[in-house]
Amino acid sequence: MAANTLQNIYSELDWRGSIHQTTDRERLCSLLAENPQTVYAGFDPTSDGLHIGNFVPLMMLRRFQKAGHCPIVLAGGATGMIGDPSGKSEERNLLSAEQIEHNLQGIMDELGQFLDFESARPAILVNNYDWMKEWSYLTFLRDVGKHFPVNQMLAKESVKSRLDQSEAGMSYTEFSYMLLQAYDFVHLRQAYGCNLQVGGSDQWGNITAGIELGRRMGVGTLHGLTCPLLTKSDGAKMGKTEQGAIWLSAEKTSPYAFYQYWFNTDDADIDNCLRLLTELTEEEISALGEDRQTNPQNRQSQQRLAESLTLLVHGQQGLTGARRASEVLFGATISEMSDSDLTEIFADVPSEKLSRDTLGGEGLSIVDALCQAGLAKSRSDARRTVDQGGAYVNNARIENLDYRLGPGDLASETVVVLRSGKKRYALLKFL
RNA sequence: GGGGGGUUUCCCGAGCGGUCAAAGGGGUCAGACUGUAAAUCUGAUGGCAUAGCCUUCGCAGGUUCGAAUCCUGCACCCCCCA
């Protein structure tokens, strides 16, 4: 790997805004410039999949690998059993062993997807349970715990903020969390020569705990680097919607929904997202910024963001499908399509099956149709929607309350596409 | 242990015998404007067979022609004094 490639990683992370805090900047820069380094980031199995909050540190590992360094992804099979108090305002409920095992399976597969395990300098996937399980409580206390001054532990933000609120408090279990993560770092240093840990800004306390432990246990100087949390301009976390988090797995968040999430990113946040999450160059991103000033209606930035992330997470096929669905959904009237096309395009749109007979005779009233499709909570609600001009059949607005669906309203062999408002779709299948 | 206050529609919060399906705000939904953005503006927001009817104001009773509003009991919450 060329030396100049190595040199660039720090400055790249810097212009991308990926650096929140680092330990001794000078030394870290020269370390990264001189030799390929092994870098690690940990992910606890708090849920059975990764969401976009995990994305920033993952992309960071990916960038390190592309720059010629060796990334280690750590799945927290052990730490997940304890629960990280960092960034949490109250004590967490412990997950059951089965739950953790299940979650671990889910995230291990996904973690692998963003890194290259085949190259000359392959990424490494580890599970901290593998080394933590060897310890007995007594030996851990003697060999590791002895190096932790409680007064320093109490000074950590994650602990202090909890103790300051008299209501919240903290269990001894959570209090001990930082020992485990600190030891992970030391272990990875010993086993893989890993000198650098990266993570979200809320991990700073845990990372420095590891560095401190390394010093006391005499494994040498360790380094830490944190990235900012992905937030919107109004301070809210990115990736949260009314329906919940945006996940990386296609089962939890469809490629279409994923694509649309990014496509709808606020102008105020888009630059930040492009820099933190994509692999577009500085030039491309600033060109997009200019285009956004002059031709905002083209939504070039949003499109590039949505495309590059969907491609990375869901592959070419996922992207093609998402893009095609977006074209049809936000396009003109839907007609003369085939069932298979519609089913594919509206893959994650709720659908209801009805008897073909309901279309015969007088047909199905628009009010009933909206209720059946789940687009209205009650008939009153459906009436309101139509009244206010928010009801659409095959993307054509229906304003007449007495409108009845008949065979002529089928967009394909058996499907009618209903919509409420701008974006809420549902299918009725008449079989 | 003594004294006081509270419980209202998704949330906060007015109402304190009829004109109350219940002010106002938030949220949500829809519309307009736009760029599938933001901001803004408008409308809607218990249900139904929708000029009408039915069900809602902690729970159960009672007073009254009539109660979210008054009385009694019960449950839960909060504050002050000890």
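Naming: A, B, ... by sequence-line order, numbering from 1 per chain.
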Distance, P atom - from C77(B) to G26(B), rounded to whole angstrom: 32 Å
Ile270(A) CD1 to U36(B) C1', straight-line distance once rounded to whole Å: 13 Å
Atom-to-atom span, CG of Asn298(A) to P of G35(B) - whole angstrom: 10 Å
Charged N-O contact under 4.0 Å between Lys252(A) and Asp48(A): yes
Among A49(B), A30(B), G35(B), the one nearest Gln388(A) by side-chain distance: A30(B)
Atom C1', compared across A51(B) and C74(B): separation rounded to whole Å: 43 Å
N or O in side chain of Lys423(A) less than 4.0 angstrom from A37(B) OP1/OP2: yes
Between G35(B) (C1') and Asn264(A) (CG): distance, integer Å: 11 Å
Touch class at under 4.0 angstrom, heavy-atom based, for Ser326(A) against every strand present: base
Paired nucleotide for C53(B) [Watson-Crick or G-U wobble; both distances under 3.5 Å]: G47(B)
Phosphate contact (U36(B) OP1 or OP2) by Tyr256(A) side-chain N/O below 4.0 Å: no
Complement of G66(B), any strand, by Watson-Crick or G-U distances under 3.5 angstrom: none
Pairing nucleotide - G24(B), Watson-Crick or G-U, each distance under 3.5 Å: C12(B)
Option among Ile9(A), Leu28(A), Leu32(A) that satisfies the side chain to side chain contact (heavy atoms under 4.5 Å, CB included) test with Gln37(A): Leu32(A)
Span that lies between the P atom of U8(B) and that of G43(B), in whole angstrom: 28 Å
Residue whose nearest RNA chain B nucleotide is more 5′ - Lys377(A) or Gln302(A): Gln302(A)
Test side-chain hydrogen bond (donor to acceptor under 3.5 Å, both in side chains) applied to Tyr40(A) and Asn195(A), step by step: CA-CA 8 Å; Tyr40(A) 112 85; Asn195(A) 288 321; over 6 Å; no
Among G47(B), U36(B), G43(B), the one nearest Gln260(A) by side-chain distance: U36(B)
Tyr425(A)/Tyr392(A) aromatic ring centres below 6.0 Å: no
Spacing of the P atoms in G46(B) and A22(B) (rounded, Å): 9 Å
Pair Lys429(A) + Glu352(A): basic N to acidic O under 4.0 Å: no
Sugar-phosphate, base or nothing in reach of Tyr392(A), heavy atoms under 4.0 Å: sugar-phosphate
Side chain Asn295(A) and base G35(B) donor-acceptor under 3.5 Å: no
C1'-based separation of G13(B) from G25(B) [nearest Å]: 8 Å
Residues Asp381(A), Arg384(A): salt bridge by 4.0 Å N-O rule: yes
Gap in Å between the two C1' atoms, one belonging to A23(B) and one to U9(B), rounded: 13 Å
Contact under 4.0 Å: Arg419(A) side-chain N or O vs A30(B) OP1/OP2: no
Residues Arg292(A) and Ser301(A): side-chain donor-acceptor under 3.5 angstrom: yes
Same-atom distance (P) from A21(B) to A82(B), integer angstrom: 48 Å
N/O (side chain, Ser378(A)) to phosphate O (OP1/OP2, G47(B)) under 4.0 Å: yes
Nearest-nucleotide comparison on RNA chain B, the residue closer to the 5′ end among Phe330(A) and Thr385(A): Thr385(A)
Whole angstrom value for the distance that separates C1' of G31(B) from CZ of Arg424(A): 15 Å
Spacing between Gln293(A) atom CD and A38(B) atom C1', to the nearest angstrom: 14 Å
Nearest-angstrom distance from the residue atom CD of Glu327(A) to P of U36(B): 14 Å
Base U45(B) to side chain Ser380(A), donor-acceptor N/O within 3.5 Å cut-off: no
For U34(B), the Watson-Crick or wobble counterpart (both distances under 3.5 Å): none
C48(B) phosphate, OP1 or OP2, under 4.0 Å from Arg383(A) side-chain N/O: no
Nearest-angstrom distance from the residue atom CG of Asp381(A) to C1' of G31(B): 15 Å
Complementary nucleotide of G58(B), counting Watson-Crick and G-U pairs under 3.5 Å: C74(B)
Polar side-chain contact Arg384(A)-U45(B) base: donor and acceptor under 3.5 Å: no
Length of the line joining Gln300(A):CD and A37(B):C1', which is rounded to integer Å: 15 Å
Same-atom distance (P) from U7(B) to C59(B), integer angstrom: 13 Å
Donor-acceptor under 3.5 Å (Ser176(A) side chain, Tyr172(A) main chain): yes
